[in-house]
Visitor: 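This is the structure I have questions about; it appears just below.
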Amino acid sequence: MNASSPLQVAPAAGTTEGYNFGYLDEQTKRMIRRALLKAVAIPGYQVPFGSREMPLPYGWGTGGIQVTASVIGPADVLKVIDQGADDTTNAVSIRKFFNRVAGVRTTEKTSAATIIQTRHRVPETPLAENQILVYQVPIPEPLRWLEAREAETRRMHALAEYGAMRVNLYEEVARYGRIAKGYDYPVEVNGRYIMSPSPIPKFDNPKLDNNPALQLFGAGRERRIYAIPPYTKVKSLDFEDYPFTVERWAQACALCGATDSFLDEVIVDDQGARVFVCSDTDYCEDRRKQGFRGAAPDALAATASGAS
Amino acid sequence: MSNPKPTMIEVRELAKTFVLHARGATIPVFADIGFDVDAGECLVLAGPSGIGKSTLLRSLYANYRPQRGSIRVRHGGGWVDLAAAQPHEVLDVRRRAIGYVSQFLRVIPRVTTRDLVAEPLVALGLDADVARARAEALLLRLNIPAPLWSLPPATFSGGEQQRVNLARVFVVDYPIYLLDEPTASLDAENRAIVVALLVEARNRGAAMVGIFHDREVRAEVGTRTLDLADLQRAA
Amino acid sequence: MTEPLLRVENLAKRFGATLACADVSFVLRPGEVLGIVGESGAGKTTLLRCLAGQLRPTAGRVLYRTRHEGEVDVYAIAEPARRLLLRTDWGIVHQNPRDGLRLEVSAGGNVGERLMAVGARHYGKIRNEVSDWLTRVELDPARIDQYPETFSGGMQQRVQIARNLVTKPRLLFLDEPTGGLDVSVQATLLDLLRSLVGSLGIAAVLVTHDLGVVRLLAHRLVVMKDGRIVEHGLTDQVLDDPQHPYTQLLVSSILPV
């Protein structure tokens with residue numbers, strides 16, 4: 001972690017005057033860091049924290065931004081992705097925000113980043129020990145769907161009473177013949193706490209397991225922080241006879257030909273023609289630079305200008 | 001057993017009074033009853049109606065709780081005083097030692113006649129199929145037609161219910177039977193069948209205490225009479 | 001002689017100045033069914049909740065003989081151990097199925113929950129065991145995937161009973177299990193409870209104001225008035241030869257059938 005010096009850091013060139021480094025004041029950062037330390041010490045446990053008002057609405061990643069603001073230092077390189085893409089409005093805004101209030105360098109390259117804030121995806125490129133992945137979390141409580149009372153869900157976690165959690169999976173198999181849940185697929189962290197991985201596709205769940213990077217989760221509206229320390233065992237819940245599996249596509253990425261990445265279906269013209277392309281734009285671009293080509297490398301040429 | 005006719009029931013200084021709080025009434029029934037009943041004996045309780053024969057019989061089953069005295073019954077190699085025993089001991093005595101034929105059958109909703117009769121055997125740990133087979137054999141002997149076995153006895157005639165009631169008790173070879181007018185609503189033919197059953201149990205060595213209004217039944221089954229009116233005059 | 005499964009010693013529960021129950025002591029042996037009767041407000045349900053580990057008594061002890069660790073004081077052991085007892089060795093059947101079932105979950109999920117809570121991880125095996133239990137409580141296993149709301153009140157009670165019995169508990173707490181049901185439905189449910197409790201050798205504490213229900217199900221009775229036990233004994237003793245003025249009133253108030 002490239003933590004900032006205790007008090008004031010001189011604003012980097014081009015940053016907005018009058019704001020503390022990283023927007024949050026140092027007291028708030030300390031409070032959040034304490035919560036983060038506790039979260040790292042108890043993998044998968046939801047630590048309450050005093051979520052601050054941020055200059056954007058809840059649901060736009062206020063939890064993730066506060067976590068990022070508390071761990072970022074002047075030497076860090078920030079990457080922000082939304083649905084796997086670096087060029088969506090939310091990702092661009094958050095990147096610009098930290099550029100202005102912390103003056104840090106930003107990147108779209110996974111391998112070049114020290115901190116990656118994400119919504120809905122884990123990058124395809126494997127992460128390394130010196131990286132932090134910060135997840136934006138809308139609903140941190142995996143038991144909420146069956147128990148509305150916070151006091152009761154906390155007790156269920158405390159006593160590891162997770163029978164009801166399995167009922168959820170049971171109901172899916174009973175209704176659909178398989179565990180149909182595709183996003184926010186619950187995991188058991190370090191053999192103890194059941195945790196929501198945030199609304200990432202279950203395709204990304206295996207990446208949480210034994211990852212060299214530090215994974216931090218921030219829920220702004222729900223005021224919860226939790227974490228998966230590096231190299232922690234993360235297991236997706238399942239049944240012995242209905243084991244956890246990830247989705248596979250019959251197609252390869254139309255642009256780069258990748259068969260191992262999470263694909264988005266994109267409509268490319270007014271006639272409804274569609275192609276499948278990597279959801280992780282950096283990964284896709286990287287492969288194309290390396291010379292990989294899909295079946296229709298120019299499929300998005302017409303829409304690309306409009307999207308970015 | 002060394003003694004072929006051991007004492008099975010020993011009653012001493014038994015007193016029963018009903019206290020009806022709502023009416024502020026105290027009704028003494030008997031104050032000092034004592035008697036023994038041996039194996040192979042049938043003690044007939046006699047006396048005019050209202051003298052307390054049924055009350056005594058129910059007390060012997062620990063259905064009524066006496067105010068004073070003891071009711072000792074031979075059970076499991078020792079003696080249990082039903083007037084002082086713990087509830088679970090009483091239940092155990094009832095399950096294994098005493099069969100009580102009440103005047104009326106207590107019907108259990110939905111339970112078939114066959115299962116109702118087999119139930120006491122199942123409670124003793126017997127296999128359900130074996131118990132049902134024994135129940136059917138006894139129902140047959142007591143003249144209950146086979147088509148009725150799989151029906152609950154709620155809609156049966158009084159005589160049929162009475163015989164089902166007897167079957168439910170005599171399906172187990174208890175060492176002690178208490179009989180409260182077991183032949184009251186039976187015709188001559190069925191009465192003869194029941195009398196034969198009772199005599200057979202008595203000859204097997206069961207100790208019996210009974211109330212029989214029918215003089216012939218009394219003569220054939222009873223071996224000794226206890227007249228409650230005499231006791232009261234004596235007291 | 002079998003040792004007591006449950007021992008209750010001088011139990012009392014106060015809510016502020018109000019006394020809900022006091023001086024309650026009794027023992028329950030394996031396979032025994034104890035009825036607690038008395039009018040509404042007599043403290044029956046509060047007592048049941050104290051017994052069932054759900055409401056800490058103000059005074060007294062509830063001692064339970066566990067399968068492996070001998071007798072434990074239900075309120076002295078740690079909460080995880082107490083809650084584990086509740087979902088494995090004990091069962092609670094509520095008067096209102098809504099209190100004992102998850103209405104947004106299918107019948108199968110409701111019955112399977114306790115199996116999954118104690119470690120069942122094989123869907124097919126869970127499913128088979130649930131089907132088996134639905135059959136045992138006389139529900140059509142074909143309805144395994146339907147929601148409790150599509151069931152009648154009596155059928156919901158059956159689902160609740162199956163949900164509790166699936167982990168083969170040794171002690172069942174029944175709170176007016178047939179209250180609010182039609183008489184004919186009551187009769188079949190009572191018979192079902194009677195045969196299940198009897199054949200599985202489950203001990204039970206049954207709270208009801210219906211003397212017909214205890215006559216059928218309970219071996220022993222406790223009569224409560226104003227939070228205290230005024231009379232106890234074998235069910236037939238208490239009902240046929242009531243001693244306490246209140247019991248006499250209770251018994252004489254029943255309409256003859």
Side-chain angles (χ1 to χ4, degrees), chain A residues 42 44-45 139 141-181 184-189 191-194 202 205 233-245, chain C residues 53-54 77-91 98-131 133-134 141-150 159 162-164 166-167 169:
Chain A
I42 317 172
Y45 172 72
I139 298 165
E141 180 49 75
L143 303 170
R144 186 62 69 227
W145 74 277
L146 54 89
E147 178 54 65
R149 292 166 296 179
E150 174 70 12
E152 188 61 20
T153 53
R154 290 181 74 82
R155 186 173 291 124
M156 289 162 85
H157 281 296
L159 304 176
E161 277 183 12
Y162 291 135
M165 194 70 230
R166 305 271 171 180
V167 173
N168 196 7
L169 303 183
Y170 169 93
E171 292 286 286
E172 298 228 335
V173 179
R175 204 172 320 156
Y176 308 114
R178 65 198 169 88
I179 302 174
K181 201 169 175 61
D184 207 352
Y185 191 107
V187 294
E188 181 192 78
V189 182
R192 177 59 179 84
Y193 285 95
I194 285 184
K202 67 175 180 176
N205 272 23
K233 190 164 175 264
V234 177
K235 188 185 181 311
S236 302
L237 301 186
D238 61 2
F239 289 111
E240 288 161 11
D241 46 345
Y242 287 85
F244 174 80
T245 53
Chain C
Q54 302 201 309
I77 55 174
E79 192 183 7
R82 181 161 62 248
R83 286 177 62 125
L84 184 69
L85 264 189
L86 262 173
R87 61 172 195 262
T88 55
D89 237 16
W90 294 5
R98 284 169 184 279
D99 296 331
L101 292 177
R102 293 186 192 279
L103 297 183
E104 72 284 7
V105 167
S106 68
N110 266 294
V111 177
E113 179 173 344
R114 275 167 69 121
L115 288 175
M116 292 183 256
V118 295
R121 294 289 179 266
H122 191 286
Y123 176 84
K125 288 179 189 164
I126 294 167
R127 189 106 174 142
N128 285 341
E129 194 149 351
V130 168
S131 293
W133 270 101
L134 290 180
R143 300 191 65 173
I144 187 168
D145 293 329
Q146 295 179 13
Y147 292 92
E149 268 151 352
T150 68
V159 177
R163 175 176 160 87
N164 276 284
V166 70
T167 51

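Proteins come first, then strands; the chains are lettered A, B, ... in the order of their sequence lines, and each starts at number 1.
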Visitor: Is the number of heavy atoms from other residues, nucleotides or ligands under 6.0 Å of A:K235 NZ greater than 12?
Guide: yes

Visitor: I need the minimum non-hydrogen distance between C:P80 and A:L159, along with the two atoms involved.
Guide: CG-CD2, 3.1 Å

Visitor: For the candidates C:A120, C:G109, C:A117, which exhibits the highest count of non-hydrogen atom pairs separated by less than 4.5 Å from chain A?
Guide: C:G109

Visitor: Please classify the contact of C:I126 with chain A as side chain, backbone, both or neither, using a heavy-atom distance under 4.5 Å.
Guide: side chain

Visitor: Kindly give the heavy-atom pair with the smallest separation between C:S106 and A:Y170, and that separation in Å.
Guide: OG-CE2, 4.0 Å

Visitor: Side chain from CB out, backbone as N, CA, C, O: work out which of these in C:R114 comes under 4.5 Å of a heavy atom of chain A, or both, or neither.
Guide: neither

Visitor: Can you name the nearest heavy-atom pair linking C:E113 to A:A164, along with the distance?
Guide: OE2-CB, 3.7 Å

Visitor: In this structure, are over 12 heavy atoms from other groups packed under 6.0 Å from C:R98 atom CZ?
Guide: no

Visitor: Does a side-chain heavy-atom distance below 4.5 Å link A:M165 with C:M116?
Guide: no

Visitor: For C:R102, which atoms come within 4.5 Å of any heavy atom of chain A: side chain, backbone, both, or neither?
Guide: side chain

Visitor: Considering non-hydrogen atoms only, spot the tightest contact between C:G124 and A:D241 and give its length.
Guide: N-OD2, 2.6 Å

Visitor: If you define the side chain from C-beta out and look only at heavy atoms, does anything of A:R166 sit under 4.5 Å from C:Y123?
Guide: no

Visitor: Please report the closest heavy-atom contact between C:E104 and A:E171, naming both atoms and the distance.
Guide: O-OE1, 4.3 Å

Visitor: Tell me, yes or no, whether the heavy-atom count around C:K125 atom NZ, taken from other residues, nucleotides or ligands under 6.0 Å, exceeds 12.
Guide: no

Visitor: Counting neighbours of CG on A:L146 that are heavy atoms of other residues, nucleotides or ligands and sit closer than 6.0 Å, is the number greater than 12?
Guide: yes

